Number of protein chains: 2
Amino acid sequence: MKSEHIPAPAVQRLSLYLRELEAIRDSGSQTVSSRRLGEFLGLTDAQVRKDLAYFGHFGHPGVGYEVGDLIARIRRILGTDRASNVVLVGAGNLGSALAAYRGFARRGFHLVAVFDNDPAKIGRPLAGLADLVVRPLTDVAAVVREFDVRLAILAVPADAAQQVAESLVAAGVRGLLNFAPVAISVAEDVSVSTVDMAVQLEQLSFRIGAARRASARAI
Amino acid sequence: MKSEHIPAPAVQRLSLYLRELEAIRDSGSQTVSSRRLGEFLGLTDAQVRKDLAYFGHFGHPGVGYEVGDLIARIRRILGTDRASNVVLVGAGNLGSALAAYRGFARRGFHLVAVFDNDPAKIGRPLAGLADLVVRPLTDVAAVVREFDVRLAILAVPADAAQQVAESLVAAGVRGLLNFAPVAISVAEDVSVSTVDMAVQLEQLSFRIGAARRASARAI
DNA sequence: TAATGTGAACTTCTTCACAGCC
DNA sequence: GGCTGTGAAGAAGTTCACATTA
């Protein structure tokens, strides 16, 4: 297969496979079948095979996939086989929590700087992170260039998000993980992924409401 | 239209429309066209109309949609027209940040309790939130029943997530917003939405890598 | 026997294009 | 003229089922 166009949902699942594979590796398995890999994620074996086949011939008929090999391949595909530098803008509650999160480092992302424009925060280390001193937003361009930063995390208030995004992009950032509850528009060669936690709760609210309505009808 | 089956992506977008509509209302507009509503979200006008039409006849030909009315209708559909009680499990960095986040309350979710099993945290108020005292996990069932809690936020380590999820579900919770980087399996009448921030960064990493590869080919 | 990779069938979602209404 | 609602067409994604390989 190894085609030109790969469905976006397939790429999303690739990350989930990676997470699952790491757990499988830690449990001691050398190989894994498409069925087992999909099981926990609620996916069919065919789906798993199709997804992986978009990227190459990774499996061995009759055997399955070699766990360590597949992890390495997926990391290469995602571009996380080498650590990449990331900056964080916004040293409030959420920003501090994100900076302290170890999951980023474990998956190949190295946080090199934190920015904020609050004079009370600038110059101080983030709570519990002695090596990360908050820097003023005016330093963004210099840091992005110095550390060849391509990804940034936005944890600023909604009304500041668009402007901060623009300065990051101007400095050379190519991907933004936005936690502000607002849509951000940037040049189309820049990727933005917005995580709006209230939206997630609303979706759950709808789904449990729909379930209740459905069961009410069934009675 | 007002059909039985509604595409999941349409429901997702409903939340985004709501967010956008609130901004439009605050900017003073009384009505909005499908084109304008979709513009910022990168959606076509047809998509917006189709999505809204799944739920009823909300618009006025020649005029558009009445902003306040549409907000009220979408809130009803999502089940957020009345505040619903939510609990949070995990009072670490992320949990504390989530508890302090005002966006939940603004969108109709009321955080009634925070749980943790760390004795050093139990009995103390969350940083900056005097009214939220951390309670032991053993209180979950009682609180869920007392406040008729249907939604819970999980901000616990990955290796605890499944177990905590099970106790929440046993207590009567019907929807889980999971921030632990692990798939959770529960009865199928319970909804789970997992937000894995490292996965989001990986997706961005892939997209900017793919863009680079594409431009390299183009040269 | 066990499991992959993949065309073909099927299902789901999106876009088009236009009748109808303000 | 402006704009919605929607059937029909088209595109995208998923599942099936089987040839193939270990």
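In what follows, chains carry the letters A, B, and so on, assigned in the order in which the sequence lines appear, proteins first and then strands, with residues in each chain numbered from 1. Here the structure is a predicted model, which is why all the values come from computation and not from measurement.
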| message | Please compare A:D51 and B:P61 by the position of their nearest nucleotide in DNA chain D and report the one closer to 5'. | response | B:P61
| request: Just compare D:dG7, D:dG13, C:dT6 and give me whichever is closest to any side-chain atom of A:A53. | output: C:dT6
| A:E66 CD to C:dA2 P: how many Å, rounded? | 21 Å
| message | Which nucleotide wins on minimum distance to the side chain of B:K50, given the candidates D:dG5, C:dT15, C:dT6? | response | C:dT15
| said: Side-chain N or O of A:H60 versus OP1/OP2 of C:dG5: is the shortest distance under 4.0 Å? | reply: no
| query | Looking only at side chains, do A:R36 and A:S29 share a donor and an acceptor under 3.5 Å apart? | reply | yes
| Given atom CG of B:D45 and atom P of D:dT6, what is their separation to the nearest angstrom? | 15 Å
| said: I want to verify a distance call: between C:dT4, D:dT14, C:dC16, whose nearest atom is closest to the A:Y54 side chain? | reply: D:dT14
| request: Give one of base, sugar-phosphate or nothing for B:R13, where a contact means two heavy atoms less than 4.0 Å apart. | output: sugar-phosphate
| Donor on one side chain, acceptor on other, A:S34 and A:D45, under 3.5 Å | no
| task | Could you tell me the separation between the CZ atom of B:F55 and the P atom of D:dT6, rounded to a whole number of Å? | result | 14 Å
| field | Whole angstrom value for the distance that separates P of C:dT4 from CG of A:D69 | value | 14 Å
| message | When you measure from the side-chain N and O atoms of B:Q47 to the phosphate of C:dT15, is any distance below 4.0 Å, counting only OP1 and OP2? | response | yes
| note | To the nearest angstrom, the CG-P distance between A:L37 and C:dA3 comes to 13 Å
| To the side chain of A:A46, which of D:dC16, D:dG5, C:dG7 is closest? | D:dC16
| message | Under 4.0 Å from OP1 or OP2 of D:dG13: is there any side-chain N or O of A:H5 that close? | response | yes
| query | Starting at NE2 of A:H57 and ending at P of D:dA22, how long is that distance when rounded to a whole Å? | reply | 13 Å
| task | State, yes or no, whether a side-chain contact exists between B:L168 and B:Q163 at a heavy-atom distance under 4.5 Å. | result | no
| remark: Residue pair B:F58/A:P9 against DNA chain D: nearer the 5' end by closest nucleotide is B:F58
| said: Nearest whole Å is fine: how far is D:dT14 C1' from A:L52 CG? | reply: 15 Å
| Do you see a donor-acceptor pair shorter than 3.5 Å between the side chains of B:D51 and B:Y17? | yes
| said: So that I can tick it off, tell me whether A:R207 and A:E202 are bridged by a salt bridge, with the cut-off set at under 4.0 angstrom between side-chain N and carboxylate O. | reply: no
| Is the distance from OP1 or OP2 of C:dT4 to the nearest side-chain N or O of A:S34 less than 4.0 Å? | yes
| request: Report the C-alpha distance between B:V156 and B:Q162 in whole Å, list the side-chain angles of each, state the deciding distance to 0.1 Å, and finish with yes or no for side chain to side chain contact (heavy atoms under 4.5 Å, CB included). | output: CA-CA 10 Å; B:V156 301; B:Q162 177 66 39; over 6 Å; no
| message | For C:dG5 and A:Y65 - does any side-chain N or O of the residue sit under 4.0 Å from the phosphate oxygens OP1/OP2? | response | yes
| task | Give the rounded distance in Å between these two atoms: CG of A:L43 and P of D:dC16. | result | 13 Å
| query | So, is A:R49 near the phosphate of C:dT4, with a side-chain N or O under 4.0 Å from OP1 or OP2? | reply | yes
